[in-house]
Amino acid sequence: MDRHPFKFGKLAIGVHFTNREKERKRLRANITSGVNTILISPRRYGKSSLVQQVAEEMGKDRRTRFAQVDLFEVRNEREMLERITSAVISATSSTLEDRLRDLKRFVQTIVPQVGIGSDPTQELTVGLSWEDVERSRHELLELPEKLAKAKKIQLVLCIDEFQNIGHFPDPKATQKLLRAAWQRQQHVTHLLYGSKRHMMLDIFTKSNMPFYKFGDLLFLERIARPDWVKYITDRFRKTKKKIGPALANAIAGTMEDHPYSVQMLANATWQHTSGTATQAALDQGLEDLMDQYTILYQRIVDDLTTPQLRYLEAMSDGVERFTTSEVLARYEFGSSALVGRIRTALEKKDILDHQGTHTIWLDPLFRLWLENRFWHKPKRQFLS
Ligand SMILES: Nc1ncnc2c1ncn2[C@@H]1O[C@H](COP(=O)(O)OP(=O)(O)OP(=O)(O)O)[C@@H](O)[C@H]1O
Ligand SMILES: [Mg+2]
């Protein structure tokens, strides 16, 4: 029996991966036809899970290989090339011996430092000096293409948190370099993803930027309600517990269909269920989560200014137009210019996301916590 029917905080693949049929199809089609893809969504929507799921599905025939790189905390070109080189070498050959041989054969001008542990199948980590990069930049950038061609495979180079190249010392120069190398490659498809929408859009949609029109832009949305209901009821059933569709619907609704949060609340409800789930189990599960997150949320609140908190309260009250004189006066915003600054600050802090005229809370549990524990408002009925 499955002891942990819900998955959160880790990649959700296999039985834990629900829906995303359209996105999987589009990704597979892009990869098959060599079209680059740019995948964008807020944090914890399932970018990594989607990529991993597609990698598992497509990687079975061994003609398509996925090299995965994360630019989280990578701050310069040298570190980026280290990670790309390590990932590409590891993805294209399976033993340490082969990896070392490939590295020597395809990057002749450098003697990289290589990290090797006791496990012979473990990944290779390549260390490069700045001199290596200066001397062999071109060779390193061509390595994925050369390897893929030599091994007669299609390589998918997946780069997570790609917007981080925007923080490199000379971001535009790096982008020019990458674009020039990548657009010539025939055996490598690029899958670039990230969670900072504005930075990603700056890189890929501005006509004066090197990556303008580099590939197919895919925005990942939350998961649809009917898919959640099916997933939650299935997962309960698999563990010999029951939940009705209305309550499964309430779990997803309470968390506004946010992938990570729905899985977390489903798990908390499941913990309080011995036979058939009840509203009381859901309520108790939600209380547990709010308890768990209180320290974290208190810290976030401590870091907010009074006008920022008032803005969130107005959001919670259902205000949609913030610059009418009535709203400016009621929430003491002062001027509409200040409202603009508050919006930008809340977006930078990853609390809200403004999509055109529509604004969403990035963490639905934080909103519930503010309403229940901070403002002590009456309990919100979930939106079905
Ligand atoms: N297709 C899916 N089906 C069910 N749950 C999912 C799915 N995708 C994601 N989730 C849930 O969301 C969580 C976060 O997924 P994942 O780490 O893939 O998101 P991410 O967008 O890469 O996040 P981050 O920006 O933090 O890296 C998973 O642990 C899981 O609980
Ligand atoms: Mg991720």
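Counting convention: from 1, in listed order, for ligands and their atoms alike.
Here's the thing with W228: none of its N/O atoms is less than 3.5 angstrom from an N/O atom of ligand 1. Remark: ligand 1 and F17 share no N or O pair separated by less than 3.5 Å (distance only, no angle test). Of the polar atoms of R44, at least one N or O is found under 3.5 Å from an N or O of ligand 1, judged by distance alone. Checked against a 3.5 angstrom limit, the closest N/O atoms of E161 and ligand 1 fall outside it. Annotation: G46 places an N or O atom under 3.5 Å from an N or O atom of ligand 1; distance criterion only.
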Next item on the list: Using the side-chain hydrogen bond (donor to acceptor under 3.5 Å, both in side chains) rule, take S316 and W375 through it: C-alpha gap first, then chi angles, then the decisive distance, then the call.
Entry: CA-CA 10 Å; S316 152; W375 296 317; over 6 Å; no
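Ligand-side atoms of ligand 1 in range of Y45: 8 (N), 9 (C), 19 (O), 21 (O), range being under 4.0 angstrom from any heavy atom. Close contacts of ligand 1 with K10, meaning ligand atoms under 4.0 Å from a residue heavy atom, involve 28 (C), 29 (O). Near G9, with a cut-off below 4.0 Å to any heavy atom, the atoms of ligand 1 are 29 (O). Proximity to H16 (heavy-atom distance under 4.0 Å) selects the following atoms of ligand 1: 3 (N), 4 (C), 5 (N). In summary, the atoms of ligand 1 found under 4.0 Å from a heavy atom of F8, numbered by their order in the structure, are 29 (O), 31 (O). Close approach to T18 involves these atoms of ligand 1, each under 4.0 Å from a residue heavy atom: 1 (N), 2 (C), 3 (N), 4 (C).
Side chains of W228 and T18 form a contact here, defined as non-hydrogen atoms less than 4.5 Å apart. For the pair F236 and F6, the minimum side-chain heavy-atom distance is below 4.5 Å.
Heavy atoms from both the backbone and the side chain of K47 come within less than 4.0 Å of ligand 1. At a heavy-atom distance under 4.0 Å, only side-chain atoms of I223, from C-beta outward, approach ligand 1. Only the backbone of K7 comes within contact range of ligand 1, with a heavy atom under 4.0 Å; no side-chain atom does. Residue-level proximity to ligand 1 for M264 is absent, since no heavy atom of it falls below 4.0 angstrom.
Here Y193 does not reach the Mg ion (ligand 2): none of its N/O/S atoms is less than 2.8 Å from the metal.
In this comparison of A12, S261, S195, S49, the heavy atom closest to atom 16 (P) of ligand 1 sits on S49.
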